[in-house]
Peer 1: 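Shown below is the structure under consideration.
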Amino acid sequence: MHKVFLVLLLWTSVYSYINPVQGQQDSPDPGVLYYDEAYYAVTTGG
Amino acid sequence: MTNGSEGVIDATVLRDGNNNYIVYKVDGNAHGHPTEFWAALLDPTGMNVRSSPVLLMKNDQAWERGIIEGQWFVKENGKYYLFYSGCGYANDCYAVGVAMASSPLGPYTKNPSNPILRTRSPMTSASWEGPGHCSVVKSPEGKWLMFYHAWPHGGIGTKRLMLLDEVKFTGTWPTVNDGSPSENMMPDPKMMD
């Protein structure tokens, strides 16, 4: 049972995503760029 | 970059070959006036404006409710796509629209079926509210990804979280998911066909 759960967990973490993609941080107006093999997000504050 | 007493916000850069344009919103809605996007050519340093501003768009679709903002440009298949948001960020009517042009300074034609991303109707307990103010990025795998914010269900005024859904350019107009933010586990864009 644990093995099944572990495989499912690995599969979903590698092959799928669920929103929100950045966790639970306040992130208004996201401006995202892809650069040098990474995504960078800038958001508004205040 | 200023515009008298109206205020100028949401500056972005539209890159087209060797030309860079600054595009900004004139914040007319803050003063009971129409809201507009304007663009001007930048010099090669990007620090100085080299042309007179050109009006790209103003609010004129009912769903926008007098507000357009958060513009982002994508060039795909020889066309320029202007993604933007309307209706005001603190409402469940906040949504994403798109317009298209054959040259960077327009003229831009709005999708008559706007908005292309909106709050699901009817909502479920998992529905995100007021999706908007997006950026659209091409992944190294060649997928177009839309990053945007939305409020959790019943949480307008709390915190806006960053969400992700794929943009598809398969028809005349780009589409996002089924027209509303995804609410379930989605395939990783790296794995989408």
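Quick note on labels: first sequence line is chain A, next is B, and so on, each numbered from 1.
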Peer 1: Counting only heavy atoms from other residues, nucleotides and ligands, does the tally under 6.0 Å from CG of B:Asn184 exceed 12?
Peer 2: no
Peer 1: Given the rule that I, L, V, M, F, W and Y join up when any side-chain heavy atoms are under 4.5 Å apart, are B:Phe83 and B:Phe37 in one cluster?
Peer 2: no
Peer 1: Inspect the surroundings of OH in B:Tyr89 and state if more than 12 heavy atoms from other residues, nucleotides or ligands are less than 6.0 Å away.
Peer 2: no
Peer 1: Keeping B:Lys159 on the side-chain end and A:Ser27 on the backbone end, is there a donor-acceptor pair under 3.5 Å?
Peer 2: no
Peer 1: Supply the atom-to-atom distance B:Leu163 CG to A:Gln22 CD, rounded to the nearest 0.5 angstrom.
Peer 2: 7.5 Å
Peer 1: CE/B:Met162 to CG/A:Asn19 distance, rounded to the nearest 0.5 angstrom?
Peer 2: 9.5 Å
Peer 1: Give, as side chain, backbone, both or neither, the part of A:Gln25 having an atom under 4.5 angstrom from any heavy atom of chain B.
Peer 2: backbone
Peer 1: Okay, side chain of A:Tyr39, backbone of B:Val137: is any donor-acceptor separation there less than 3.5 Å?
Peer 2: no
Peer 1: Side-chain contact, heavy-atom cut-off 4.5 Å: B:Ser139 with A:Tyr34?
Peer 2: no
Peer 1: Do B:Trp151 and B:Met146 share a hydrophobic cluster, counting only Ile, Leu, Val, Met, Phe, Trp and Tyr and linking them when any side-chain heavy atoms are less than 4.5 Å apart?
Peer 2: no
Peer 1: Counting distance only, does the side-chain N/O of A:Asp26 pair as donor-acceptor with the main-chain N or O of B:Leu161 below 3.5 Å?
Peer 2: no
Peer 1: Quick one: pull up CG in A:Asp29 and CH2 in B:Trp72 and give me the separation to the nearest 0.5 Å.
Peer 2: 11.5 Å
Peer 1: Please report the interatomic distance CE(B:Met186) to CD1(A:Ile18), rounded to the nearest 0.5 Å.
Peer 2: 10.5 Å
Peer 1: Does B:Ser135 use its side chain to pair, donor to acceptor, with the backbone of A:Pro30 at less than 3.5 Å?
Peer 2: yes
Peer 1: Under a 4.5 Å heavy-atom cut-off, does chain B meet the side chain of A:Glu37, its backbone, both or neither?
Peer 2: neither
Peer 1: Could you see if B:Phe73 belongs to whatever hydrophobic cluster contains A:Val32? Use Ile, Leu, Val, Met, Phe, Trp, Tyr and a side-chain cutoff under 4.5 Å.
Peer 2: no
Peer 1: Between B:Asp165 and A:Tyr17, is any side-chain donor less than 3.5 angstrom from a side-chain acceptor?
Peer 2: yes
Peer 1: Could you see if B:Tyr108 belongs to whatever hydrophobic cluster contains B:Tyr21? Use Ile, Leu, Val, Met, Phe, Trp, Tyr and a side-chain cutoff under 4.5 Å.
Peer 2: yes
Peer 1: Would you kindly confirm whether B:Trp128 and B:Met123 end up in one hydrophobic cluster when ILVMFWY residues are joined by side chain heavy atoms under 4.5 Å apart?
Peer 2: no
Peer 1: For B:Lys110, I'd like to know if atom NZ has over 12 heavy atoms of other residues, nucleotides or ligands within 6.0 Å.
Peer 2: yes
Peer 1: Output the option from B:Glu183, B:His133, B:Glu69 having the highest count of non-hydrogen pairs under 4.5 Å with chain A.
Peer 2: B:His133
